[in-house]
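Some notes on the structure that comes next.
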Amino acid sequence: MPELPEVEVTRRSFARAIEGARVVGVRVGKPLRWPLGCDGAVLVGRTVTTVGRRGKYLLLEFDSGVLLIHLGMSGSLRFSDNLPLAGVHDHFELQTTQGGLRLTDPRRFGAVVYVSAITDPLALKLLGKLGMEPLSDDFDVGQFCAGLKQRKSAIKQVLLAGQLVVGVGNIYASEALFLAKISPLARADTLGRVRCARLHAAIRVVLSQAVERGGSTLRDFSSADGQTGHFQTQAMVYGRAGLPCRACGTMIESMRQGQRSTFFCPLCQSA
DNA sequence: AGAAAATCCTGGTGGC
DNA sequence: TGCCACCAGGATTTTC
């Protein structure tokens with residue numbers, strides 16, 4: 001499930017290799033979450049300048065125009081000068097002078113959207129209300145705490161919502177809350193200065209460690225050069241229901257919060 | 001208005 | 001074996 005670390009690992013795995021490439025062809029498969037927003041042919045002849053990221057969106061910037069790429073929950077990219085024959089789950093492909101960039105996405109919750117600029121209304125609609133970037137300097141403790149003070153729902157769900165801080169999905173929300181020793185059920189507005197600062201730090205630690213480990217490969221995630229991640233092997237709580245807590249030995253529990261599974265240690269995260 | 005909760009999309013999987 | 005409920009991320013819709 002691509003969350004911020006998987007998207008960032010993907011970005012790093014092909015950004016350098018694709019920069020300067022000129023588009024020579026586009027292949028579109030089945031429809032994704034949203035329409036591409038242009039005829040694929042109009043991309044031919046454009047040159048890739050940079051590959052950026054905002055939240056879980058990759059921003060493939062051309063000398064003119066930008067492709068917003070979202071991996072949804074089952075998407076992965078591959079960039080290679082020798083891609084295998086396209087399969088049934090390959091739904092977008094950019095052929096360039098430096099190799100082919102292909103999106104494979106069985107569930108098709110992902111998206112590739114063309115906008116003429118990052119200031120385009122459609123881009124603003126998708127990116128405009130996103131929260132702070134957790135790994136950048138703009139992830140300010142004060143702003144984070146102030147934001148939490150305004151939310152009455154459970155802290156786990158506030159993290160997932162992405163309006164305050166982006167990129168923290170189901171895996172890393174559980175992990176960060178464990179690291180910060182905060183119950184996923186705690187109301188966001190009840191967290192004081194100390195727990196709030198601890199959570200802020202925990203989010204940064206968990207996400208940056210996950211990036212270092214190449215992300216989490218639960219089923220089939222791999223970066224654009226085919227590498228799998230292995231953060232999942234060091235998860236403290238995610239997917240560990242019924243197993244002993246790595247810190248205190250208490251049995252890890254799971255529950256449902258807003259139709260999503262949450263994992264936590266009832267002792268370490270009792271407050 | 002703005003926050004919170006419910007809904008929807010798809011295909012792989014596990015249980016029976 | 002086949003069928004079906006269930007699960008997942010997050011934008012969108014509905015409710016409060």
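Quick caveat, the model's predicted, so the values are computed rather than measured. Residue numbering restarts at 1 for every chain, and letters A, B, ... go by the order of the sequence lines.
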Of A:Gln259 and A:Asp105, whose closest DNA chain B nucleotide lies nearer the 5' terminus?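 Final value for this comparison: A:Gln259.
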
Heavy atoms of other groups near A:Asp137 CG, more than 12 under 6.0 Å: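 Counting neighbours around CG of A:Asp137, 12 or fewer heavy atoms of other residues, nucleotides or ligands fall under 6.0 Å, so no.
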
What's the [atom1]-[atom2] distance between [X] and [N], to the nearest Å?
X: A:Ile155; N: B:dA4; atom1: CD1; atom2: P; result: 11 Å
X: A:Leu32; N: B:dG11; atom1: CG; atom2: C1'; result: 14 Å
X: A:Leu160; N: B:dA6; atom1: CG; atom2: C1'; result: 15 Å
X: A:Gln257; N: B:dA6; atom1: CD; atom2: C1'; result: 16 Å
X: A:Arg151; N: B:dA1; atom1: CZ; atom2: C1'; result: 14 Å
X: A:Glu6; N: C:dA8; atom1: CD; atom2: C1'; result: 14 Å
X: A:Gln163; N: B:dA4; atom1: CD; atom2: P; result: 8 Å
X: A:Lys152; N: B:dA5; atom1: NZ; atom2: P; result: 12 Å

According to a cutoff of under 5.5 Å between the ring centres and under 30° between the ring planes, does A:Phe109 stack with the base of B:dC9?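 A stacking contact exists, since A:Phe109 sits close and nearly parallel to the base ring of B:dC9.
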
Counting only side-chain nitrogens and oxygens, does [X] get under 4.0 Å of the OP1 or OP2 atom of [N]?
X: A:Arg260; N: B:dA6; value: no
X: A:Lys125; N: C:dT12; value: yes
X: A:His89; N: B:dT10; value: no
X: A:Ser261; N: C:dC7; value: no
X: A:Tyr57; N: C:dG9; value: no

Please tell me if the side chains of A:Pro84 and A:Arg102 come closer than 4.5 Å, counting only heavy atoms from C-beta onward.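 Yes, side chains in contact.
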
Linked hydrophobic residues, A:Leu267 as query - side chain contacts closer than 4.5 Å: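 Under the 4.5 Å side-chain rule, A:Leu267 groups with nothing.
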
By nearest heavy atom, map A:Leu130 and A:Tyr238 onto DNA chain C; which one lands nearer the 5' end?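 In this pair, the answer is A:Tyr238.
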
Hey, can you tell me if A:His200 and A:Phe144 have their rings parallel, tilted or perpendicular (30° and 60° cut-offs)?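 Ring orientation of A:His200 relative to A:Phe144: tilted.
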
Which of parallel (below 30°), tilted (30 to 60°) and perpendicular (above 60°) describes A:Phe14 and A:Phe79?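 Judged by the thresholds at 30° and 60°, the geometry between A:Phe14 and A:Phe79 is tilted.
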
Counting side-chain heavy atoms from C-beta on, which of C:dC7, C:dA11, B:dG11 comes nearest to A:Pro106?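 Of the options given, the side chain of A:Pro106 lies nearest B:dG11.
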
From B:dT10, C:dA8, B:dA5, nucleotide with atom closest to A:Arg108 side chain: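 The listed nucleotide nearest to A:Arg108's side chain is B:dT10.
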
Once you apply a heavy-atom cut-off of 4.0 Å, does A:Gln157 come out as touching a base, just sugar-phosphate, or nothing?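 Result for A:Gln157 = nothing.
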
